[in-house]
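Everything below concerns the one structure shown next.
Hydrogens, waters and symmetry mates play no part in the numbers below; they use all other heavy atoms, side chains included.
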Amino acid sequence: MSKRILKLVQSDDLRRSKSDRLIAHYIERNIAELPFETARSIAQRLQVSPMTIGRYLRRMGFDGLDELKSELRRGGSNPAWEVKGPVASLEQDRKEGKLLAGLIQQQIDNLGQIYAITSAPEWQQTIDALIGATEVYVAAYQNVRGIAQYFASQLSYTRPRVQFVDGLNGTYAELLDGSVEGRLLFLHDVRRFAAKARPLALEARRAGVKVVLLTDEFCPWGPEVSDICLIVPGSHGPLWDGAATMTAVMDLMLSNIIVLKGDEVSERVDTLTRLQDVFGDFES
């Protein structure tokens, strides 16, 4: 990052208000992504107006985001130089058998395989299914339940009729009663597999519901019970099953959907933001 830009966004003058601090933190933490951003996309992420972004950039001394990008290019920032130290240290620690270094390297290796997943036909089929379904029901169990609930909540910002189903009614009738055509079940499960997962997938297909299964390499029955099966590297850690790879996959799904739906998502977010303001669940 240009030292001048870093100094600017860290200055008190550019961190006076809540929106100032949001934008400053965003620029600091996402500098590598700025070439792919617009003022509007940043505004949507931060839930501020594009005009707020524009005013902030002018206070920085730039006539728009393109000028800021140009200065970053001229600044000669060298990402390879910036990460050389940490990467070398990680490699040395890994060779010495340090536990955390090995776990971090495993996470890096797993994340590196995500690109191949996004290039597979099943990826685009999943994105199309999540966009095209009349209703989306998300289900998961045990220790991955929270990740799936996060996905369902975020997906609801991109489209209507998204619901997490917990099965506490004992029937999953909201999903399986056949009253609405074009439903989709997005089922997430990993080793050790929940007893309900496979029967739910089979029953959903029997009811005419399309099933997308997001699972790991240890699942022996995935392709048999789903219309679309996305297989992600499983956890091989000696201590704990990590969720970083699955969470990254879900975030990329959401990003892909947002790109494809474009202004539809913006309009929906605007509506939901207004409702949040009405009911006061978030800070003003």
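- L252 pairs by the side chain to side chain contact (heavy atoms under 4.5 Å, CB included) definition with I114, T118, W123, not counting sequence neighbours.
- Shown are L184, I228, L213, I131; of these, the side chain to side chain contact (heavy atoms under 4.5 Å, CB included) with T126 is made only by I228.
- Put simply, Y141 and F218 are part of the same group of oily side chains (I, L, V, M, F, W, Y) that touch within less than 4.5 Å, one to the next.
- The main-chain N or O of E174 is found under 3.5 Å from a side-chain atom of R183 such that the two form a donor-acceptor pair.
- Transitive grouping of hydrophobic side chains (ILVMFWY, heavy atoms separated by less than 4.5 Å) keeps V136 and V265 in distinct clusters.
- If you check the side chains of E135 and Y137, you find a donor sitting under 3.5 Å from an acceptor.
- Residue L176 comes nearest to A207 through the heavy atom pair O-CB, 4.0 Å, listed as atom of the first residue, atom of the second, then distance.
- Scored by the side chain to side chain contact (heavy atoms under 4.5 Å, CB included) test, I231 finds T215, E217, C229 as partners (sequence neighbours excluded).
- Smallest separation of non-hydrogen atoms from V211 and A201: CG2-O, 3.7 Å.
- Side-chain atoms of S11 and D13 include no donor-acceptor pair closer than 3.5 Å.
- A distance-only check finds a donor-acceptor pair linking the side chain of R159 to the backbone of T134 [under 3.5 Å].
- In the hydrophobic clustering of this structure, V269 does not group with L254; members are Ile, Leu, Val, Met, Phe, Trp, Tyr whose side-chain heavy atoms approach within less than 4.5 Å, directly or through other members.
- Residues I258 and M250 fall into different hydrophobic clusters, defined by Ile, Leu, Val, Met, Phe, Trp and Tyr side chains chained together at heavy-atom separations under 4.5 Å.
- Ring to ring, F151 and F186 are close: their centroids are under 6.0 angstrom apart.
- Side-chain atoms of Q124 and N256 form no donor-acceptor pair, as typed in the model, at a separation below 3.5 Å.
- No continuous path of hydrophobic side-chain contacts links I257 to Y157 [ILVMFWY only; heavy atoms under 4.5 Å].
- There is a side-chain donor-acceptor pair under 3.5 Å between Q44 and S266.
- Of all heavy-atom pairs spanning M246 and H188, the tightest one is SD-CE1, 3.6 Å.
- Side-chain contact annotation: Y150 with D251, donor-acceptor N/O pair under 3.5 Å present.
- For the residue pair A24 and R15, the shortest heavy atom distance occurs at CB-NE, 3.9 Å.
- With hydrogens and angles left out, the side-chain atoms of S153 and S156 include no donor and acceptor closer than 3.5 Å.
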